[in-house]
**Q** 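Questions regarding the structure given below will be posed in turn.
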Amino acid sequence: MNSYALILLADVLLTADFALQKQYQRKAGVSARAGLIFNGLLGLFAAVIFFIINGFQIHFSLYSLIMAAAMSVLCMLYVFVGFRILKDGNMALYTLFLMTGGMTIPYLWGTLFLNEEITVLRTLGLVLINDC
């Protein structure tokens, strides 16, 4: 698969993620309990998928355990914020701002700290993303 097909697939999957979150939020509410249940089920599903991908073997180190814990905390906060926003706002506005920041910040990080090349087309893309 070429990289554009993978990007398109990621976009479709992200759209499905937001749609499912909105459906869950409508049915279960936006309480901390609802967020914990959602994250718990999501984590369990991800653990099963990774267990299958890794050939039904479990390998981890202290570093991977720390990174997994940090990622879990960040994901939990992300879901709670998302639930709160979806309670008062609409999905279209939430995803618009989320995706704008989600594309701008990694671009800036890459150019400032990872020595990625700044090109006219990339800069134009960044301007178009933030101008719309």
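Fair warning: this is a prediction, and the values are worked out from it, not measured in the lab. What you see below is based on every heavy atom in this structure, not just the backbone, and it leaves out hydrogens, waters and symmetry mates.
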**Q** Working to the nearest 0.5 angstrom, can you tell me the gap between L62 CG and M67 CE?
**A**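 Here the interatomic distance stands at 9.5 Å.
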**Q** Heavy atoms only: give me the nearest A28-A34 pair and the separation to one decimal.
**A**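 Taking A28 first and A34 second, the nearest heavy atoms are O-CB, 3.7 Å.
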**Q** Flag the pair F50 / I58 as yes when at least one side-chain heavy-atom distance between them is below 4.5 Å, and no otherwise.
**A**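 No, every pair of side-chain atoms sits at 4.5 Å or beyond.
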**Q** How far does CG of L44 sit from CG of N39, to the nearest 0.5 angstrom?
**A**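 Between L44 CG and N39 CG, I get 12.0 Å after rounding to 0.5 Å.
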**Q** Find out if a path of hydrophobic residues (ILVMFWY) with successive side-chain heavy-atom gaps under 4.5 Å connects L114 to L112.
**A**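 Yes.
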**Q** Let me check something: do Y78 and L42 share a hydrophobic cluster, defined by ILVMFWY side-chain heavy atoms less than 4.5 Å apart, either directly or through other members?
**A**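 Linked within one cluster.
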**Q** List the atom of F51, the atom of Q57, and the distance in Å for their closest heavy-atom pair.
**A**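 F51 and Q57 have their closest heavy atoms at CE1-N, 3.7 Å.
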**Q** Give a yes or no on this: more than 12 heavy atoms of other residues, nucleotides or ligands lie within 6.0 Å of atom CD1 of I105.
**A** no
**Q** Between atom CG of L36 and atom CG of L41, what is the distance when rounded to the nearest 0.5 Å?
**A** 11.0 Å
**Q** Could you state the interatomic distance from CD1 (I49) to CG (N54), rounded to the nearest 0.5 Å?
**A** 11.5 Å
**Q** Any donor and acceptor pair, going by atom type alone, linking the side chain of R122 with main-chain N or O of Y107 inside 3.5 Å?
**A** no
**Q** Between F38 and Y24, what is the ring plane arrangement, given parallel below 30°, perpendicular above 60°, and tilted in between?
**A** tilted
**Q** Identify whether F80 and M71 are in the same connected component of the hydrophobic contact network (ILVMFWY, side-chain heavy atoms under 4.5 Å).
**A** no
**Q** Rounded to the nearest 0.5 Å, how far does CD of Q23 lie from CD of Q25?
**A**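 These two atoms lie 9.5 Å from each other.
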**Q** Please list, chain by chain and in numerical order, all residues satisfying side-chain contact (heavy atoms from CB on, under 4.5 Å) with L77, sequence neighbours excluded.
**A**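 V73.
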**Q** Treat each ILVMFWY residue as a node, draw an edge where side-chain heavy atoms are under 4.5 Å apart, and state whether L121 and L126 are in one component.
**A**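 Cluster IDs for L121 and L126 differ.
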**Q** Is there a continuous path of hydrophobic side-chain contacts, each under 4.5 Å between heavy atoms, that joins F56 to V48?
**A**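 Yes, F56 and V48 fall within the same hydrophobic cluster.
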**Q** Considering residues at least two apart in sequence or located in another chain, which fulfil the ring-ring contact (aromatic ring centres under 6.0 Å, His included) criterion with F113?
**A**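 Here the qualifying residues are W109.
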